[in-house]
Number of protein chains: 2
Amino acid sequence: MAAEYAVRCVLYLAQQGSDVLVNRQEIASQARIPDSFLTKIAQDLARAGIITIKQGAKGGYALHRPPRQVNMLEVVEAIIGEISLNECVTKPAACPASPNCAANLVWQEARRRVRETLLAADFEALAKAGACVSPFPSPLSPPEARP
Amino acid sequence: MAAEYAVRCVLYLAQQGSDVLVNRQEIASQARIPDSFLTKIAQDLARAGIITIKQGAKGGYALHRPPRQVNMLEVVEAIIGEISLNECVTKPAACPASPNCAANLVWQEARRRVRETLLAADFEALAKAGACVSPFPSPLSPPEARP
DNA sequence: GATAAATAGGACTAAAATAATCCTATTTAT
DNA sequence: ATAAATAGGATTATTTTAGTCCTATTTATC
Ligand code: SF4
Ligand code: SF4
(Lines give C-alpha, C1' and ligand atoms only; values in the text may rest on other atoms or scores of the structure.)
(Ligands and ions follow the chains in the order given, each with its own letter.)
Protein backbone atom coordinates (compact mmCIF):
# COMPACT_ATOMS: atom_id res chain seq x y z
CA MET A 1 0.00 0.00 0.00
CA ALA A 2 2.79 2.43 0.74
CA ALA A 3 3.54 3.17 -2.90
CA GLU A 4 -0.12 3.53 -3.68
CA TYR A 5 -0.55 5.94 -0.77
CA ALA A 6 2.35 7.96 -2.11
CA VAL A 7 0.74 8.22 -5.51
CA ARG A 8 -2.49 9.40 -3.95
CA CYS A 9 -0.72 11.89 -1.77
CA VAL A 10 1.19 13.42 -4.66
CA LEU A 11 -1.89 13.38 -6.81
CA TYR A 12 -3.87 15.22 -4.20
CA LEU A 13 -1.15 17.82 -3.93
CA ALA A 14 -0.97 18.10 -7.70
CA GLN A 15 -4.65 18.80 -7.81
CA GLN A 16 -4.17 21.71 -5.43
CA GLY A 17 -1.46 23.09 -7.68
CA SER A 18 2.25 23.16 -7.07
CA ASP A 19 3.61 24.96 -4.01
CA VAL A 20 0.25 24.94 -2.28
CA LEU A 21 0.79 23.92 1.31
CA VAL A 22 -1.66 21.36 2.60
CA ASN A 23 -1.73 20.02 6.10
CA ARG A 24 -1.22 16.36 6.64
CA GLN A 25 -4.61 15.56 8.12
CA GLU A 26 -6.35 16.95 5.09
CA ILE A 27 -4.25 14.87 2.74
CA ALA A 28 -4.71 11.80 4.88
CA SER A 29 -8.46 12.05 5.00
CA GLN A 30 -8.99 13.10 1.42
CA ALA A 31 -6.64 10.56 -0.06
CA ARG A 32 -7.59 7.88 2.44
CA ILE A 33 -4.20 7.32 3.94
CA PRO A 34 -3.69 6.45 7.59
CA ASP A 35 -2.47 9.70 9.04
CA SER A 36 0.39 8.28 11.05
CA PHE A 37 1.57 6.22 8.12
CA LEU A 38 1.57 9.27 5.91
CA THR A 39 4.28 10.82 8.03
CA LYS A 40 6.59 8.02 6.94
CA ILE A 41 5.64 8.22 3.32
CA ALA A 42 6.06 11.96 3.27
CA GLN A 43 9.56 11.63 4.62
CA ASP A 44 10.54 9.37 1.74
CA LEU A 45 8.93 11.70 -0.76
CA ALA A 46 10.74 14.66 0.73
CA ARG A 47 14.08 12.86 0.63
CA ALA A 48 13.44 12.17 -3.05
CA GLY A 49 12.82 15.85 -3.66
CA ILE A 50 9.23 15.34 -4.68
CA ILE A 51 7.54 17.26 -1.91
CA THR A 52 8.65 19.88 0.53
CA ILE A 53 7.72 19.71 4.15
CA LYS A 54 7.04 22.74 6.23
CA GLN A 55 7.21 22.12 9.94
CA GLY A 56 5.67 23.98 12.81
CA ALA A 57 2.31 25.69 13.15
CA LYS A 58 0.57 26.08 9.80
CA GLY A 59 2.94 23.54 8.42
CA GLY A 60 2.18 20.86 5.90
CA TYR A 61 3.27 19.37 2.62
CA ALA A 62 3.51 20.83 -0.83
CA LEU A 63 4.66 19.64 -4.19
CA HIS A 64 8.23 20.62 -4.78
CA ARG A 65 7.92 21.08 -8.56
CA PRO A 66 5.24 21.63 -11.17
CA PRO A 67 3.08 18.50 -11.49
CA ARG A 68 4.25 18.16 -15.08
CA GLN A 69 7.71 17.39 -13.77
CA VAL A 70 6.70 14.63 -11.40
CA ASN A 71 5.95 11.15 -12.63
CA MET A 72 4.65 7.94 -11.17
CA LEU A 73 7.94 6.13 -11.54
CA GLU A 74 9.85 8.38 -9.23
CA VAL A 75 7.02 8.49 -6.73
CA VAL A 76 6.75 4.74 -6.59
CA GLU A 77 10.48 4.17 -6.50
CA ALA A 78 10.92 6.80 -3.81
CA ILE A 79 8.93 4.44 -1.61
CA ILE A 80 9.81 0.92 -2.61
CA GLY A 81 13.19 1.45 -4.21
CA GLU A 82 14.02 0.47 -7.75
CA ILE A 83 11.47 -1.77 -9.36
CA SER A 84 13.23 -4.97 -10.32
CA LEU A 85 10.53 -7.64 -10.83
CA ASN A 86 13.15 -10.32 -10.24
CA GLU A 87 16.10 -9.89 -7.96
CA CYS A 88 18.68 -10.90 -10.56
CA VAL A 89 17.75 -7.95 -12.73
CA THR A 90 19.04 -5.28 -10.42
CA LYS A 91 21.50 -7.45 -8.49
CA PRO A 92 23.25 -9.72 -10.97
CA ALA A 93 25.30 -11.14 -8.14
CA ALA A 94 22.14 -12.75 -6.81
CA CYS A 95 22.36 -15.48 -9.42
CA PRO A 96 25.49 -16.98 -10.95
CA ALA A 97 23.66 -17.62 -14.21
CA SER A 98 22.75 -14.01 -14.77
CA PRO A 99 25.48 -13.08 -17.25
CA ASN A 100 24.33 -15.85 -19.51
CA CYS A 101 20.63 -16.13 -18.97
CA ALA A 102 17.89 -15.52 -21.49
CA ALA A 103 15.25 -15.43 -18.77
CA ASN A 104 17.18 -12.63 -17.15
CA LEU A 105 16.93 -10.66 -20.38
CA VAL A 106 13.20 -11.20 -20.45
CA TRP A 107 12.88 -9.83 -16.95
CA GLN A 108 15.04 -6.90 -17.90
CA GLU A 109 12.85 -6.11 -20.83
CA ALA A 110 9.68 -6.44 -18.78
CA ARG A 111 11.14 -4.15 -16.18
CA ARG A 112 12.18 -1.64 -18.81
CA ARG A 113 8.64 -1.46 -20.09
CA VAL A 114 7.00 -1.05 -16.71
CA ARG A 115 9.37 1.69 -15.78
CA GLU A 116 8.91 3.38 -19.12
CA THR A 117 5.16 3.35 -18.66
CA LEU A 118 5.30 4.79 -15.18
CA LEU A 119 7.85 7.35 -16.26
CA ALA A 120 5.53 8.66 -18.93
CA ALA A 121 2.75 9.23 -16.44
CA ASP A 122 3.21 12.78 -15.18
CA PHE A 123 1.01 14.21 -12.49
CA GLU A 124 -0.27 17.12 -14.50
CA ALA A 125 -1.88 14.66 -16.88
CA LEU A 126 -3.12 12.48 -14.06
CA ALA A 127 -4.64 15.37 -12.19
CA LYS A 128 -6.25 16.71 -15.34
CA ALA A 129 -7.74 13.34 -16.13
CA GLY A 130 -9.67 13.62 -12.89
CA ALA A 131 -7.77 10.79 -11.41
CA CYS A 132 -7.88 9.03 -8.17
CA VAL A 133 -8.52 11.34 -5.36
CA SER A 134 -10.76 14.21 -6.10
CA PRO A 135 -13.86 12.72 -7.70
CA PHE A 136 -14.31 10.04 -5.10
CA PRO A 137 -17.72 8.52 -5.23
CA SER A 138 -17.50 7.95 -1.50
CA PRO A 139 -19.06 10.41 0.93
CA LEU A 140 -16.02 12.21 2.23
CA SER A 141 -16.49 15.71 3.46
CA PRO A 142 -14.59 18.17 1.30
CA PRO A 143 -11.73 20.11 2.93
CA GLU A 144 -12.23 23.64 4.15
CA ALA A 145 -11.99 26.24 1.42
CA ARG A 146 -8.47 27.55 1.10
CA PRO A 147 -8.23 31.36 1.32
CA MET B 1 11.70 -17.07 -5.12
CA ALA B 2 8.92 -19.51 -5.86
CA ALA B 3 8.20 -18.11 -9.31
CA GLU B 4 11.88 -17.96 -10.14
CA TYR B 5 12.30 -21.58 -9.04
CA ALA B 6 9.41 -22.52 -11.30
CA VAL B 7 11.05 -20.85 -14.27
CA ARG B 8 14.28 -22.68 -13.59
CA CYS B 9 12.51 -25.97 -13.18
CA VAL B 10 10.64 -25.65 -16.44
CA LEU B 11 13.72 -24.43 -18.19
CA TYR B 12 15.69 -27.40 -17.02
CA LEU B 13 12.99 -29.71 -18.27
CA ALA B 14 12.83 -27.86 -21.56
CA GLN B 15 16.52 -28.38 -22.00
CA GLN B 16 16.03 -32.12 -21.65
CA GLY B 17 13.35 -32.01 -24.32
CA SER B 18 9.64 -32.42 -23.86
CA ASP B 19 8.27 -35.61 -22.32
CA VAL B 20 11.61 -36.54 -20.84
CA LEU B 21 11.05 -37.70 -17.30
CA VAL B 22 13.47 -36.27 -14.79
CA ASN B 23 13.51 -37.09 -11.13
CA ARG B 24 12.98 -34.34 -8.65
CA GLN B 25 16.33 -34.49 -6.95
CA GLU B 26 18.11 -33.98 -10.22
CA ILE B 27 16.02 -30.94 -11.04
CA ALA B 28 16.44 -29.58 -7.56
CA SER B 29 20.19 -29.84 -7.55
CA GLN B 30 20.76 -28.74 -11.13
CA ALA B 31 18.40 -25.82 -10.97
CA ARG B 32 19.33 -24.96 -7.39
CA ILE B 33 15.91 -25.33 -5.88
CA PRO B 34 15.38 -26.62 -2.35
CA ASP B 35 14.17 -30.15 -2.96
CA SER B 36 11.29 -30.09 -0.52
CA PHE B 37 10.11 -26.75 -1.83
CA LEU B 38 10.15 -28.07 -5.37
CA THR B 39 7.41 -30.54 -4.48
CA LYS B 40 5.08 -27.61 -3.87
CA ILE B 41 6.07 -25.75 -6.96
CA ALA B 42 5.69 -28.84 -9.10
CA GLN B 43 2.19 -29.33 -7.83
CA ASP B 44 1.20 -25.87 -8.98
CA LEU B 45 2.85 -26.40 -12.34
CA ALA B 46 1.04 -29.69 -12.77
CA ARG B 47 -2.30 -28.14 -11.88
CA ALA B 48 -1.64 -25.53 -14.54
CA GLY B 49 -1.00 -28.24 -17.09
CA ILE B 50 2.61 -27.25 -17.61
CA ILE B 51 4.28 -30.39 -16.36
CA THR B 52 3.16 -33.94 -15.78
CA ILE B 53 4.08 -35.79 -12.66
CA LYS B 54 4.76 -39.46 -12.60
CA GLN B 55 4.57 -40.99 -9.18
CA GLY B 56 6.13 -44.15 -7.82
CA ALA B 57 9.50 -45.72 -8.42
CA LYS B 58 11.24 -44.19 -11.43
CA GLY B 59 8.85 -41.31 -11.16
CA GLY B 60 9.62 -37.70 -11.80
CA TYR B 61 8.54 -34.64 -13.71
CA ALA B 62 8.32 -33.94 -17.40
CA LEU B 63 7.20 -31.09 -19.56
CA HIS B 64 3.64 -31.60 -20.62
CA ARG B 65 3.98 -29.89 -24.01
CA PRO B 66 6.67 -28.88 -26.46
CA PRO B 67 8.82 -26.10 -24.98
CA ARG B 68 7.67 -23.83 -27.78
CA GLN B 69 4.20 -23.91 -26.30
CA VAL B 70 5.18 -22.93 -22.79
CA ASN B 71 5.91 -19.36 -21.87
CA MET B 72 7.19 -17.48 -18.86
CA LEU B 73 3.89 -15.76 -18.19
CA GLU B 74 1.98 -18.92 -17.53
CA VAL B 75 4.78 -20.41 -15.49
CA VAL B 76 5.04 -17.36 -13.30
CA GLU B 77 1.31 -16.94 -12.93
CA ALA B 78 0.86 -20.61 -12.15
CA ILE B 79 2.81 -19.87 -9.00
CA ILE B 80 1.93 -16.38 -7.90
CA GLY B 81 -1.44 -15.94 -9.55
CA GLU B 82 -2.24 -13.16 -11.96
CA ILE B 83 0.31 -10.40 -12.03
CA SER B 84 -1.46 -7.21 -11.05
CA LEU B 85 1.25 -4.71 -9.99
CA ASN B 86 -1.38 -2.78 -8.03
CA GLU B 87 -4.35 -4.39 -6.39
CA CYS B 88 -6.90 -2.10 -8.00
CA VAL B 89 -5.95 -3.36 -11.45
CA THR B 90 -7.27 -6.85 -11.01
CA LYS B 91 -9.73 -6.11 -8.23
CA PRO B 92 -11.46 -2.83 -9.05
CA ALA B 93 -13.53 -3.21 -5.92
CA ALA B 94 -10.38 -2.62 -3.90
CA CYS B 95 -10.59 1.10 -4.55
CA PRO B 96 -13.72 3.20 -5.01
CA ALA B 97 -11.87 5.54 -7.35
CA SER B 98 -10.94 2.85 -9.82
CA PRO B 99 -13.66 3.44 -12.41
CA ASN B 100 -12.49 7.00 -12.75
CA CYS B 101 -8.79 6.94 -12.12
CA ALA B 102 -6.03 7.80 -14.54
CA ALA B 103 -3.42 6.22 -12.32
CA ASN B 104 -5.35 2.99 -12.52
CA LEU B 105 -5.08 3.15 -16.30
CA VAL B 106 -1.35 3.61 -16.03
CA TRP B 107 -1.05 0.52 -13.88
CA GLN B 108 -3.21 -1.39 -16.30
CA GLU B 109 -0.98 -0.42 -19.17
CA ALA B 110 2.18 -1.29 -17.25
CA ARG B 111 0.70 -4.63 -16.36
CA ARG B 112 -0.32 -5.27 -19.95
CA ARG B 113 3.22 -4.72 -21.08
CA VAL B 114 4.85 -6.92 -18.50
CA ARG B 115 2.49 -9.73 -19.27
CA GLU B 116 2.97 -9.26 -22.98
CA THR B 117 6.71 -9.52 -22.55
CA LEU B 118 6.55 -12.65 -20.44
CA LEU B 119 4.02 -14.17 -22.80
CA ALA B 120 6.37 -13.77 -25.72
CA ALA B 121 9.13 -15.64 -23.94
CA ASP B 122 8.67 -19.29 -24.87
CA PHE B 123 10.87 -21.97 -23.41
CA GLU B 124 12.18 -23.26 -26.69
CA ALA B 125 13.79 -19.89 -27.28
CA LEU B 126 14.99 -19.65 -23.71
CA ALA B 127 16.52 -23.09 -23.77
CA LYS B 128 18.16 -22.48 -27.12
CA ALA B 129 19.63 -19.23 -25.88
CA GLY B 130 21.54 -21.26 -23.34
CA ALA B 131 19.62 -19.73 -20.54
CA CYS B 132 19.72 -20.05 -16.85
CA VAL B 133 20.36 -23.53 -15.75
CA SER B 134 22.60 -25.54 -17.95
CA PRO B 135 25.69 -23.41 -18.43
CA PHE B 136 26.14 -22.63 -14.78
CA PRO B 137 29.55 -21.30 -14.00
CA SER B 138 29.27 -22.91 -10.57
CA PRO B 139 30.84 -26.29 -9.89
CA LEU B 140 27.79 -28.51 -9.84
CA SER B 141 28.27 -32.08 -10.81
CA PRO B 142 26.38 -32.93 -13.98
CA PRO B 143 23.53 -35.43 -13.72
CA GLU B 144 24.03 -39.05 -14.64
CA ALA B 145 23.85 -39.71 -18.34
CA ARG B 146 20.35 -40.64 -19.38
CA PRO B 147 20.16 -43.94 -21.24
C1' DG C 1 9.28 34.98 25.13
C1' DA C 2 5.36 31.81 25.97
C1' DT C 3 2.10 29.04 23.83
C1' DA C 4 -0.06 26.21 20.71
C1' DA C 5 -0.07 23.93 16.37
C1' DA C 6 2.10 21.44 13.47
C1' DT C 7 5.72 17.86 11.67
C1' DA C 8 10.13 14.78 12.54
C1' DG C 9 11.90 10.67 13.59
C1' DG C 10 12.98 6.62 16.18
C1' DA C 11 11.18 2.62 18.58
C1' DC C 12 7.93 -0.45 18.56
C1' DT C 13 4.08 -3.79 17.39
C1' DA C 14 0.93 -6.45 14.55
C1' DA C 15 -0.28 -8.78 10.64
C1' DA C 16 0.53 -10.94 6.43
C1' DA C 17 3.17 -13.05 2.95
C1' DT C 18 6.91 -15.95 1.74
C1' DA C 19 10.07 -19.65 2.12
C1' DA C 20 10.84 -23.82 3.62
C1' DT C 21 10.54 -28.23 6.17
C1' DC C 22 8.63 -32.56 7.92
C1' DC C 23 5.82 -36.38 8.22
C1' DT C 24 2.59 -39.83 6.70
C1' DA C 25 0.19 -41.73 2.78
C1' DT C 26 0.04 -43.32 -1.76
C1' DT C 27 1.67 -44.76 -6.16
C1' DT C 28 4.41 -47.64 -9.13
C1' DA C 29 8.38 -50.53 -10.98
C1' DT C 30 10.72 -54.65 -10.14
C1' DA D 1 6.56 -57.89 -1.10
C1' DT D 2 9.78 -54.35 -1.37
C1' DA D 3 11.86 -50.26 -2.40
C1' DA D 4 11.85 -46.00 -4.77
C1' DA D 5 9.64 -42.37 -5.81
C1' DT D 6 6.03 -38.37 -5.36
C1' DA D 7 1.59 -36.32 -2.96
C1' DG D 8 -0.23 -33.46 0.17
C1' DG D 9 -1.33 -31.61 4.65
C1' DA D 10 0.47 -29.51 8.82
C1' DT D 11 3.68 -26.84 10.64
C1' DT D 12 7.41 -23.56 11.37
C1' DA D 13 10.51 -19.80 10.58
C1' DT D 14 11.74 -15.69 8.36
C1' DT D 15 11.01 -11.54 6.13
C1' DT D 16 8.30 -7.87 4.61
C1' DT D 17 4.72 -4.78 5.07
C1' DA D 18 1.60 -1.95 7.48
C1' DG D 19 0.76 0.71 10.96
C1' DT D 20 1.10 3.01 15.69
C1' DC D 21 3.01 5.74 19.47
C1' DC D 22 5.77 8.71 21.92
C1' DT D 23 9.04 12.41 22.55
C1' DA D 24 11.51 16.13 20.34
C1' DT D 25 11.71 19.94 17.41
C1' DT D 26 10.13 23.55 14.50
C1' DT D 27 7.41 27.64 13.57
C1' DA D 28 3.52 31.10 13.67
C1' DT D 29 1.18 34.00 16.60
C1' DC D 30 0.00 36.65 20.62
S1 SF4 E 1 18.34 -18.24 -13.59
FE2 SF4 E 1 18.26 -16.44 -14.93
S3 SF4 E 1 16.28 -15.49 -14.46
FE4 SF4 E 1 16.66 -16.99 -12.85
S5 SF4 E 1 17.62 -15.78 -11.22
FE6 SF4 E 1 19.29 -16.63 -12.45
S7 SF4 E 1 19.69 -15.02 -13.96
FE8 SF4 E 1 17.72 -14.55 -13.09
S1 SF4 F 1 -6.55 5.71 -6.47
FE2 SF4 F 1 -6.46 4.94 -8.58
S3 SF4 F 1 -4.48 3.91 -8.69
FE4 SF4 F 1 -4.87 4.24 -6.53
S5 SF4 F 1 -5.85 2.34 -5.85
FE6 SF4 F 1 -7.50 3.72 -6.43
S7 SF4 F 1 -7.90 3.23 -8.56
FE8 SF4 F 1 -5.92 2.35 -8.09
Side-chain angles (χ1 to χ4, degrees), chain A residues 1-9 13 20-29 31-48 51-62 64 76-87 91 94-95 143-144 146-147, chain B residues 1-9 13 20-29 31-48 50-62 64 76-87 94-95 143-144 146-147:
Chain A
M1 292 269 74
E4 167 59 26
Y5 289 155
V7 169
R8 285 194 215 159
C9 168
L13 291 175
V20 176
L21 202 66
V22 183
N23 86 29
R24 195 212 306 140
Q25 277 200 23
E26 176 182 327
I27 302 172
S29 76
R32 307 187 337 287
I33 305 169
D35 182 71
S36 56
F37 199 17
L38 180 52
T39 68
K40 300 306 170 191
I41 290 160
Q43 284 168 39
D44 285 343
L45 291 173
R47 255 175 249 128
I51 65 173
T52 49
I53 298 179
K54 187 174 181 206
Q55 292 196 67
K58 307 246 163 140
Y61 307 146
H64 182 57
V76 168
E77 295 198 333
I79 306 297
I80 63 170
E82 278 217 336
I83 289 171
S84 75
L85 298 191
N86 205 24
E87 199 187 4
K91 300 180 196 160
C95 177
E144 292 299 306
R146 229 178 305 285
Chain B
M1 292 269 75
E4 168 57 27
Y5 289 155
V7 170
R8 285 194 214 158
C9 168
L13 292 175
V20 177
L21 202 66
V22 183
N23 87 29
R24 196 211 305 140
Q25 277 200 24
E26 175 182 329
I27 301 171
S29 75
R32 308 188 333 290
I33 304 168
D35 181 71
S36 56
F37 199 17
L38 180 51
T39 69
K40 301 305 171 191
I41 289 160
Q43 285 168 39
D44 285 342
L45 292 174
R47 254 175 250 128
I50 295 167
I51 66 172
T52 50
I53 299 180
K54 188 173 180 206
Q55 292 196 68
K58 306 246 164 137
Y61 306 146
H64 182 57
V76 168
E77 294 198 334
I79 306 298
I80 64 169
E82 277 217 336
I83 289 171
S84 76
L85 298 191
N86 206 23
E87 200 188 3
C95 176
E144 292 299 306
R146 228 177 306 283

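Below, chain A is the first sequence line, B the second, and so on; all start at residue 1. When reading the values below, keep in mind they use all heavy atoms of this one structure, side chains included, and skip hydrogens, waters and symmetry mates.
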A:Arg24 CZ - D:dC21 P separation (whole Å): 13 Å
Could you tell me how far apart A:Glu4 (CD) and D:dT17 (P) are, to the nearest whole angstrom? 16 Å
Considering residues at least two apart in sequence or located in another chain, which fulfil the side-chain contact (heavy atoms from CB on, under 4.5 Å) criterion with B:Asp44? B:Arg47, B:Ile79
Watson-Crick and G-U pairing of DNA chain C written in dot-bracket, each distance under 3.5 angstrom, with | for inter-strand partners: ||||||||||||||||||||||||||||||
Rounded off to whole Å, could you give me the CD-to-P distance for the A:Gln43 and D:dA18 pair? 17 Å
Whole-Å gap separating C1' (D:dA4) and CG (B:Leu21): 13 Å
Take atom CG of B:Asp44 and atom P of D:dG9, then tell me their distance rounded to the nearest Å. 12 Å
Is the backbone of A:Arg32 close enough, under 3.5 Å, to the side chain of A:Arg8 for a donor and an acceptor to pair up by distance? yes
Pair B:Leu45, B:Tyr61 - check side chain to side chain contact (heavy atoms under 4.5 Å, CB included), show working. CA-CA 10 Å; B:Leu45 292 174; B:Tyr61 306 146; over 6 Å; no
Closest heavy-atom pair, A:Leu21 versus A:Gly59, reported as atoms and distance to 0.1 Å, is CD2-C, 4.1 Å
Mind listing the closest non-hydrogen atom pair of B:Ala78 and B:Ile50 along with its distance? CB-CD1, 4.1 Å
B:Glu87: partners by side chain to side chain donor-acceptor pair (under 3.5 Å), with sequence neighbours left out: none
Sequence neighbours excluded, which residues qualify as side chain to side chain donor-acceptor pair (under 3.5 Å) partners of A:Gln55? none
Could you tell me which non-hydrogen atom of A:Ile80 sits nearest to which non-hydrogen atom of A:Ala3, and how far apart they are? CG2-CB, 4.0 Å
Nearest whole Å is fine: how far is D:dA5 C1' from B:Glu26 CD? 14 Å
With sequence neighbours left out, write down each residue that passes side-chain contact (heavy atoms from CB on, under 4.5 Å) with B:Gln25, or none if nothing qualifies. B:Asn23, B:Asp35
Would you indicate what B:Gln25 reaches in the nucleic acid, counting non-hydrogen atoms under 4.0 angstrom: base, sugar-phosphate, or nothing? nothing
Check the distance between C:dA8's C1' and A:Asn23's CG and give it to me in whole angstrom. 16 Å
Take atom CZ of A:Arg47 and atom C1' of C:dT7, then tell me their distance rounded to the nearest Å. 14 Å
Contact letters for nucleotides 18-30 of chain C, in which S counts primed atoms plus P, OP1 and OP2 and B counts the base, heavy atoms under 4.0 Å: -SBB-----BBSS
